[in-house]
Amino acid sequence: MNLLEQIAAAGVVGCGGAGFPTHVKLKGNFEYLIVNGAECEPLLRTDRYLMCNKAREIVEAVSALARELSIPHAVIGLKEHYTEEIAALRKAIAEQNAPVELHLFDSFYPAGDEQTIVHEVTGRVVPPAGLPSEVGAVVDNLATVYSVYQAMQGHPFVKKYLTVTGEVNHPTVLCVPIGTPIKRCIELAGGAKSDEYYLIAGGPMMGKPIDNVDTAVVTKTTSGILVLPADGYHARQNAVSVRAMLNRARSACIQCTTCSQLCPRHMLGHPLEPHKIMRKVAVGIGIKELLNDPDVRNAQLCCECGVCEAYACPMGLQPRKINSLIKRELGAAGIRYERKESEWTVNPLREERKVPSERLAARVGVHRYYDYDIRELIYEEPDEVRIPLKMNAGAPSEPVVQVGERVKRGDLIAKPREGALGTNIHASISGRVSAITDSVTITRD
């Protein structure tokens with residue numbers, strides 16, 4: 001098998017976002033292979049742990065990808081204050097005489113946004129609603145590249161590195177089988193400091209609420225688990241109903257334009273202006289009636305980073321969530337973005353308008369956890385895992401095992417439907433298949 005076939009067989013998907021199948025993403029002709037080591041979400045430490053402790057493996061995988069795919073420029077992008085990580089990577093590059101460069105940038109948010117990091121590394125602007133491949137680049141998360149290394153050794157993607165932090169007694173990085181209960185991950189971090197808490201899967205800006213800790217499990221895309229105060233910023237923001245959100249937009253938006261001035265995509269020259277969308281919503285005729293408005297349609301360009309509502313808006317409004325609502329309505333109506341411009345000019349004030357990560361952490365109420373020095377790694381082998389059949393962009397995978405069947409760790413238990421976008425799924429522990437629903441439950445004998 002060639003390298004892409006190894007990656008496909010191992011079931012590798014993007015570890016830092018929507019979980020796009022990596023073997024599909026890497027098909028094409030590229031000038032730049034960009035490895036995203038920015039870990040731009042405040043509080044997460046997973047990629048930083050991997051850079052410090054798995055630098056040799058990461059550099060080997062990057063070199064192999066660049067060689068196999070004939071990509072002339074292989075670059076790892078990370079923040080310049082990651083001194084230990086930079087030293088570890090430079091040592092690995094020197095020892096292997098690897099054709100890999102490091103690109104260092106300031107600590108700003110969202111440095112790890114795919115289109116942002118492409119511009120930081122190449123100086124090029126990905127077109128609105130476009131892909132990095134349109135400017136000769138492909139971007140993979142650093143943890144994804146480590147999974148590529150594992151695939152090169154013949155090991156399928158069955159374990160996940162993730163950060164557990166916030167209101168826990170022992171913030172840590174875990175390495176656990178996919179399908180491990182989130183509740184068990186919190187216990188491994190010393191348990192929550194209070195019986196009442198608010199949970200987020202991912203980072204404090206783009207992470208998703210965990211509604212039921214009793215049923216939630218670690219997936220291929222789980223980068224972190226944040227245990228936050230039950231009455232904190234995130235809990236309050238999530239409690240705002242759609243109706244209240246729209247009413248507040250109609251009554252309180254002062255059209256200061258700060259949301260647009262600080263929008264990372266707008267700063268790259270994309271025609272996304274959240275303040276105009278808020279103005280249109282303020283008319284009060286309903287989102288569905290606004291879908292033909294060109295300004296409203298530009299909501300499709302929103303990466304939902306949250307800068308507009310967490311940092312920019314002086315009135316505490318939620319442009320990001322309104323953009324998300326509009327995107328869903330546009331998708332339901334089958335309306336796709338129609339690109340009209342041919343050139344996009346980066347705003348000359350972009351550098352001055354970058355949002356400092358630490359100040360952002362203070363704005364969203366997580367600054368107390370910002371400087372946690374998390375270096376320890378805890379391994380766990382639970383007695384039971386529940387592995388979802390959909391952990392990636394595209395279609396769910398289909399089981400190839402039966403209830404009662406005995407499997408070993410690494411055995412194929414589900415695969416994508418013929419012709420569908422998807423990935424292989426493997427047993428993350430050895431045991432017996434005890435249930436199959438929208439997931440495969442394996443219980444250790």
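In what follows, every heavy atom counts, from backbone to side chain, and hydrogens, waters and symmetry copies are set aside.
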>> Please evaluate residues Lys183 and Asp214 with respect to the criterion salt bridge (charged side-chain N to carboxylate O under 4.0 Å, His left out), reporting the C-alpha separation (whole Å), side-chain torsions for both, the decisive distance (0.1 Å), and the verdict.
In response: CA-CA 6 Å; Lys183 200 169 188 176; Asp214 294 319; 2.9 Å; yes
> Is a donor on one side and an acceptor on the other found under 3.5 Å between the side chain of Glu309 and the backbone of Gly306?
Replying inline: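 Side chain of Glu309 to backbone of Gly306: no pair is present.
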>> Between His270 and Val126 (side chain of the first, backbone of the second, donor and acceptor by atom type, cut-off under 3.5 Å), is there such a pair?
In response: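 Side chain of His270 to backbone of Val126: a pair is present.
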Test item: side-chain donor near acceptor, [X] and [Y], under 3.5 Å:
X      : Y      : result
Ser260 : His275 : yes
Asn247 : Arg250 : yes
Asn53  : Arg375 : no
Thr144 : Ser147 : no
Tyr198 : Asn238 : yes
His367 : Glu358 : yes
Thr46  : Thr163 : yes
Glu39  : Tyr82  : no
His23  : Gln6   : no

> Is the shortest side-chain N to carboxylate O distance from Arg339 to Glu134 below 4.0 Å?
Replying inline: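 Looking at Arg339 and Glu134, the cut-off is met.
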>> If the threshold is 4.0 Å, N to carboxylate O, is there a salt bridge linking Asp106 and Lys79?
In response: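 A salt bridge is absent here (no side-chain N lies under 4.0 Å from a carboxylate O).
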> Given the rule in the ring-ring contact (aromatic ring centres under 6.0 Å, His included) test, do Tyr161 and Tyr146 qualify, once you have shown the distances and angles that lead to the verdict?
Replying inline: CA-CA 10 Å; Tyr161 288 82; Tyr146 180 70; 5.7 Å; yes
> Which of these, Val35, Leu89, Asp47, Asn36, sits in a side-chain contact (heavy atoms from CB on, under 4.5 Å) with Leu78?
Replying inline: Leu89
